[in-house]
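Contents: one structure, followed by commentary.
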Amino acid sequence: PLRSRRFGAVLLLDIGSGAGRRGILILGRHQDSPFGKEQALLAEILAAQMSIQIDRARRASDARRSSDRLAQEVEETTRALRERNQELVALNAVAAAAGPSLDPSRQIEVALAKAVEATRHTVGVIHLVREEGGEEVLGFSGIAGAADRWAPFRSRNYRMGEGPPGQVWRVGEPFVVPDLKLDPEVEGGEDLSRAGCRALICVPLCARNRTIGTLTLAADAERHYGEAEVHLAREI
């Protein structure tokens with residue numbers, strides 16, 4: 001192949017040696033006379049310099065990657081600590097708001113207001129399981145924030161499986177809607193949208209191994225709930 005390309009002489013040298021070998025340097029010329037000792041020595045010096053430069057470049061590249069990884073780890077850790085701190089602040093605010101000396105309805109009102117504030121939502125609503133007409137339903141029990149946003153649902157009871165609260169009651173897991181306008185299947189979503197609500201998260205209120213009600217937090221803008229926000233709502 002070299003002869004077909006009109007090379008008359010070729011010199012091949014290792015770049016590096018042993019386990020540190022980085023590649024091969026190929027020098028070719030069209031004359032068919034062999035390389036002399038001086039040329040071979042210069043080529044060896046060139047190959048050695050190339051090996052050094054390649055090692056430097058690789059070390060610099062490894063250092064940059066290591067620095068990027070470290071910066072990413074620091075950022076992730078800082079974000080996790082910030083989220084955890086916000087969670088602790090919110091939980092402390094809710095716990096401090098609802099003291100043992102307050103009556104239940106007052107506890108719901110104050111704690112709910114703090115939950116809305118801590119999670120940066122517009123409206124917060126609590127429904128509790130109660131018996132009505134011989135069956136258990138979720139009845140409206142408290143509201144905080146822009147109360148008019150939940151006007152269509154203040155007098156409504158939810159049966160198991162009805163609407164976001166009823167679904168949460170049935171399965172015992174959070175129900176999240178990032179954007180009501182993009183999720184027309186949500187029962188009652190149109191009424192909420194007309195009232196100005198855009199996104200919501202509904203979580204179960206659990207005690208003694210059973211769901212005793214639901215907490216719904218609604219926002220007036222679309223909201224992509226991450227695991228941290230869902231966890232915070234459940235903790236509250």
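All values below come from the heavy atoms of this structure, side chains included, with hydrogens, waters and symmetry mates left out. Along the sequence shown, residues carry numbers from 1. Computed from a prediction, not measured in an experiment: that's the story for all the values here.
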Side chain to side chain contact (heavy atoms under 4.5 Å, CB included) for Val10 and Leu12? Distances and angles first, verdict last. CA-CA 7 Å; Val10 177; Leu12 292 89; 3.4 Å; yes
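- When side chains are defined from C-beta on, Val203 does not count as touching Phe175, because their heavy atoms never get closer than 4.5 Å.
- Residues Ile26 and Leu2 are members of one and the same hydrophobic cluster, defined by side-chain heavy-atom contacts under 4.5 angstrom among Ile, Leu, Val, Met, Phe, Trp and Tyr.
- Connection of Leu232 to Val230 is established within a shared hydrophobic cluster, with ILVMFWY side chains joined at heavy-atom distances below 4.5 Å, either directly or through further cluster members.
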Apply the test side chain to side chain contact (heavy atoms under 4.5 Å, CB included) to residues Leu217 and Leu200: give CA-CA distance (whole Å), side-chain angles for both, the deciding distance (0.1 Å), then the verdict. CA-CA 6 Å; Leu217 298 167; Leu200 64 85; over 6 Å; no
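- Transitive grouping of hydrophobic side chains (ILVMFWY, heavy atoms separated by less than 4.5 Å) keeps Ile126 and Val137 in distinct clusters.
- Here the rule is side-chain contact (heavy atoms from CB on, under 4.5 Å) with Leu112, and of Val123, Val125, Leu215, Ile236 only Leu215 fits it.
- Crowding of Glu227 atom CD: a count of heavy atoms from other residues, nucleotides or ligands under 6.0 Å not exceeding 12.
- Between the side chain of Arg29 and the main chain of Ser33, a donor-acceptor pair closer than 3.5 Å is present.
- Side-chain contact between His121 and Ile201 is present, with at least one heavy-atom pair separated by less than 4.5 Å.
- Judged purely by atom type and a 3.5 angstrom limit, Asp14 has no side-chain atom pairing as donor or acceptor with the backbone of Gly16.
- Asp62 pairs in a salt bridge (charged side-chain N to carboxylate O under 4.0 Å, His left out) with only one of the listed residues (Arg59, Arg65, Arg64), which is Arg65.
- The main-chain N or O of Ala115 is found under 3.5 Å from a side-chain atom of Thr119 such that the two form a donor-acceptor pair.
- Of the possible donor and acceptor atoms, none in the side chain of Arg223 sits under 3.5 Å from a partner among the backbone N and O of Ala219.
- The two residues Thr214 and Cys202 come nearest to each other via the heavy atoms CB-SG, 3.8 Å.
- Minimum heavy-atom separation, Leu11 to Ala43: CD2-CB, 3.6 Å.
- For Ile24, the CD1 atom counts as loosely surrounded, since its 6.0 Å shell holds 12 or fewer non-hydrogen atoms of other residues, nucleotides or ligands.
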Carefully, step by step, assess Ile54 and Ile15 under the rule side chain to side chain contact (heavy atoms under 4.5 Å, CB included). CA-CA 9 Å; Ile54 290 172; Ile15 297 178; 4.1 Å; yes
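- A continuous path of ILVMFWY side-chain contacts below 4.5 Å connects Leu205 to Val176, so both sit in one hydrophobic cluster.
- No donor-acceptor pair under 3.5 Å is formed between the side chain of Gln167 and the backbone N or O of Pro164.
- Summarising the geometry, atom CZ belonging to Phe140 is positioned 11.0 Å from atom CG belonging to Asn157; distances are rounded to the nearest 0.5 Å.
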Let me see the working for Arg21 and Ser51 under side chain to side chain donor-acceptor pair (under 3.5 Å), right down to the final yes or no. CA-CA 8 Å; Arg21 185 178 293 116; Ser51 178; over 6 Å; no
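- Here the CD atom belonging to Glu75 is positioned 10.0 Å from the OG1 atom belonging to Thr77, to the nearest 0.5 angstrom.
- Note on Phe35 and Leu46: same hydrophobic cluster, where clusters join Ile, Leu, Val, Met, Phe, Trp and Tyr whose side-chain heavy atoms are under 4.5 Å apart, directly or indirectly.
- When atom types are taken as modelled, the side chain of Thr122 and the backbone of Asp220 share a donor-acceptor pair closer than 3.5 angstrom.
- Nearest heavy atoms, Leu180 versus Ala199: CD1-N, 4.4 Å.
- Here Lys37 contributes atom NZ and Leu41 contributes atom CG; the two are 11.0 Å apart, rounded to the nearest 0.5 Å.
- The pair Asp55-Arg58 does not meet the salt-bridge criterion, since no charged nitrogen lies less than 4.0 angstrom from a carboxylate oxygen.
- Heavy-atom minimum distance, Val168 versus Pro174: CG2-C, 4.4 Å.
- Between Arg198 and Glu222, the shortest heavy-atom contact is CG-N, 3.2 Å.
- Side-chain N or O atoms of Glu76 include none that pairs as donor or acceptor with a backbone N or O of Glu73 at under 3.5 Å.
- When all heavy atoms are compared, the tightest approach of Glu162 to Tyr158 is O-CD2, 3.2 Å.
- Not a single donor-acceptor pair under 3.5 Å links the side chain of Ser61 to the backbone N or O of Ala57.
- With respect to Arg170 and Glu136, no salt bridge is recorded, no charged nitrogen being found less than 4.0 Å from a carboxylate O.
- When atom types are taken as modelled, the side chain of His30 and the backbone of Arg6 share a donor-acceptor pair closer than 3.5 angstrom.
- A salt bridge links Glu173 to Arg234: one of the charged nitrogens lies within less than 4.0 Å of a carboxylate oxygen.
- The number of heavy-atom neighbours closer than 6.0 Å to CZ of Arg159, taken from other residues, nucleotides and ligands shown, is 12 or below.
- A distance of 11.5 Å separates CG in Leu138 from CD in Glu132, rounded to the nearest 0.5 Å.
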